Amino acid sequence: NSLVDCFCKSGKIPYAWELVNAMHDSGPTPNIITYSILLDALCKSQHLDQGIALFNEMIERGLAPDVWSYTILINGYCKKQRIDEAINLLKEMHLKNLVPHTVTYTSLIDGLCKCGRISYAWKFLNGMHDSGPPPDVITYSILLDALCKSQHLDQAIFLFNQMIERGLAPDVWSYTILINGCCKSERIDEAMNFFKEMHLKNLVPDTITYTSLVDGLCKSGRISFAWQLVNAMHNS
RNA sequence: UUCGCUGGGGGAAGG
């Protein structure tokens, strides 16, 4: 499985596939994890159709898909904006008494957000909060990003605070999403406040955090301040 | 039977 994963992650999917077939023919028999590795690689390399075929072949060969493999396929469908089929898979899991993980729902929420169904995604997140599996900081970040990008920065800030009230600690990514949202709405001062807040929480801004801020500063004409930030990056 | 290993989700700019 490690070898199959290596082939996949270095872009050599045909080799990975050959290896899986060789395992199937002459052992050791591939297990659910073997197939999941290949399934994920196929989904991520724009070959969802082949992923679906592999998923079905795996079932024909007598392996029952688990929560992980379903999640991988659901994510594949979502990335292709095929949300309804993703939801069908979710129903199928339910029929098989497979209980979705946080990651499963988070993938679906990302799909919903990226095709504009933000209020449904928000309801979904609240449903997770009420009845589990609980949303985590990634689940919130996806919705934060969608709210920011659809001109609902204030609602994003509300949700960010609600996430904290509910006991989750924001990370570098969630702060960066908000900072970028503030910058894009030309609310640079608020972006700077969040940036300072990160420091107070011992969160270390990364390149993307700085890039968002520098971009916002430049596009609002505050070039010398942007320059200072670039120097600060250079020095730390 | 127990234990261990390997698989899944989020952010910026530039043409």
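In this text, all values refer to a predicted model and were calculated from it rather than measured experimentally. Quick note: numbers below take in every heavy atom, side chains included, and nothing from hydrogens, waters or symmetry partners. By convention in this document, chain letters (A, B, ...) are assigned in the order of the sequence lines, proteins followed by strands, and residues within each chain are numbered from 1.
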| query | What pairs meet the salt bridge (Lys or Arg N to Asp or Glu O under 4.0 Å) rule with one or both residues in residues 198-211 of chain A, with sequence neighbours excluded? | reply |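 Qualifying pairs: A:Glu197-A:Lys201.
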
| query | Could you give all pairs that pass the salt bridge (Lys or Arg N to Asp or Glu O under 4.0 Å) test and reach residues 73-82 of chain A, with sequence neighbours left out? | reply |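 Residue pairs passing salt bridge (Lys or Arg N to Asp or Glu O under 4.0 Å), neighbours aside: A:Lys79-A:Asp110, A:Arg82-A:Glu85.
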
| said: Over 60° means perpendicular and under 30° means parallel, so tell me whether A:Phe158 and A:Trp122 are parallel, tilted or perpendicular. | reply: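 It falls in the tilted class, 30° to 60°.
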
| query | Would you call A:Lys184 and A:Asp145 a salt bridge, using N to O less than 4.0 angstrom? | reply |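 Salt bridge flag = no for A:Asp145 with A:Lys184.
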
| request: Answer yes or no: does atom CD of A:Glu186 have more than 12 heavy-atom neighbours from other residues, nucleotides or ligands under 6.0 Å? | output: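 Incorrect, the count does not exceed 12.
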
| Going by number, which of residues 222-231 of chain A have a non-hydrogen atom under 4.0 Å from RNA chain B? |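 Under 4.0 Å from RNA chain B: no residue of residues 222-231 of chain A.
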
| task | Residues of residues 112-130 of chain A with any non-hydrogen atom less than 4.0 angstrom from an atom of RNA chain B: list those, numerically ordered, please. | result |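 The answer is A:Lys114.
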
| Taking only residues at least two apart or on different chains, which pairs with a member in residues 27-36 of chain A satisfy side chain to side chain donor-acceptor pair (under 3.5 Å)? |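 Applying side chain to side chain donor-acceptor pair (under 3.5 Å) to every pair that reaches into residues 27-36 of chain A, excluding sequence neighbours, yields A:Asn1-A:Asn31, A:Asn1-A:Thr34, A:Asn31-A:Thr34, A:Tyr35-A:Arg61.
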
| note | Per-nucleotide protein contact along nucleotides 2-9 of chain B, 5' to 3', at a 4.0 Å heavy-atom cut-off (B base, S sugar-phosphate only, - neither), is ----BBBB

| message | Taking ring-ring contact (aromatic ring centres under 6.0 Å, His included) as the definition, give me every residue that meets it alongside A:Tyr70, ordered by chain and number, with sequence neighbours left out. | response |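 Once residues adjacent in sequence are excluded, the partners of A:Tyr70 under the ring-ring contact (aromatic ring centres under 6.0 Å, His included) criterion are A:Phe55.
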
| message | Which residues pass the side chain to side chain contact (heavy atoms under 4.5 Å, CB included) test with A:Gln228, not counting sequence neighbours? | response |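 By the side chain to side chain contact (heavy atoms under 4.5 Å, CB included) rule, A:Gln228 matches A:Phe225.
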
| Residues forming a side chain to side chain contact (heavy atoms under 4.5 Å, CB included) with A:Ser185, sequence neighbours excluded |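 Partners of A:Ser185 under the side chain to side chain contact (heavy atoms under 4.5 Å, CB included) test: A:Leu153, A:Arg187.
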
| Rounded to the nearest 0.5 Å, what separation is found between the CG atom of A:Leu90 and the CG atom of A:Leu95? |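 Atom-to-atom, A:Leu90:CG and A:Leu95:CG are 10.5 Å apart.
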
| message | Side chains of A:Ser2 and A:Asp5: any donor to acceptor distance under 3.5 Å? | response |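 No donor-acceptor contact under 3.5 Å links the two side chains.
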
| message | Taking ring-ring contact (aromatic ring centres under 6.0 Å, His included) as the cut-off, I'd like each qualifying pair that reaches into residues 126-152 of chain A, sequence neighbours left out, listed once. | response |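 Residue pairs passing ring-ring contact (aromatic ring centres under 6.0 Å, His included), neighbours aside: none found.
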
Quick one: which protein N/O atoms are closer than 3.5 Å to N/O atoms of nucleotides 13-15 of chain B? Pair and distance per line, please.
| residue | atom | partner | partner atom | Å |
| --- | --- | --- | --- | --- |
| B:A13 | OP1 | A:Lys184 | NZ | 3.1 |

| said: Run through RNA chain B and report every stem of 3 or more consecutive Watson-Crick or G-U pairs, distances under 3.5 Å, ordered by first number. | reply: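 Stems found: none.
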
| query | Any donor and acceptor pair, going by atom type alone, linking the side chain of A:Ser10 with main-chain N or O of A:Phe7 inside 3.5 Å? | reply |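 Yes, the answer is positive, given that a donor and an acceptor are paired below the 3.5 Å cut-off.
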
| So, the side chain of A:Ser150 versus the backbone of A:Leu147: is there a donor-acceptor pair under 3.5 Å, distance only? |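 Yes; judged by distance alone, with no hydrogens or angles, the pair exists.
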
| said: Applying a strict under-4.5 Å side-chain criterion to I, L, V, M, F, W and Y, I'd like to know whether A:Phe194 and A:Leu217 cluster together. | reply: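 They do share one cluster, since a chain of ILVMFWY contacts under 4.5 Å joins A:Phe194 to A:Leu217.
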
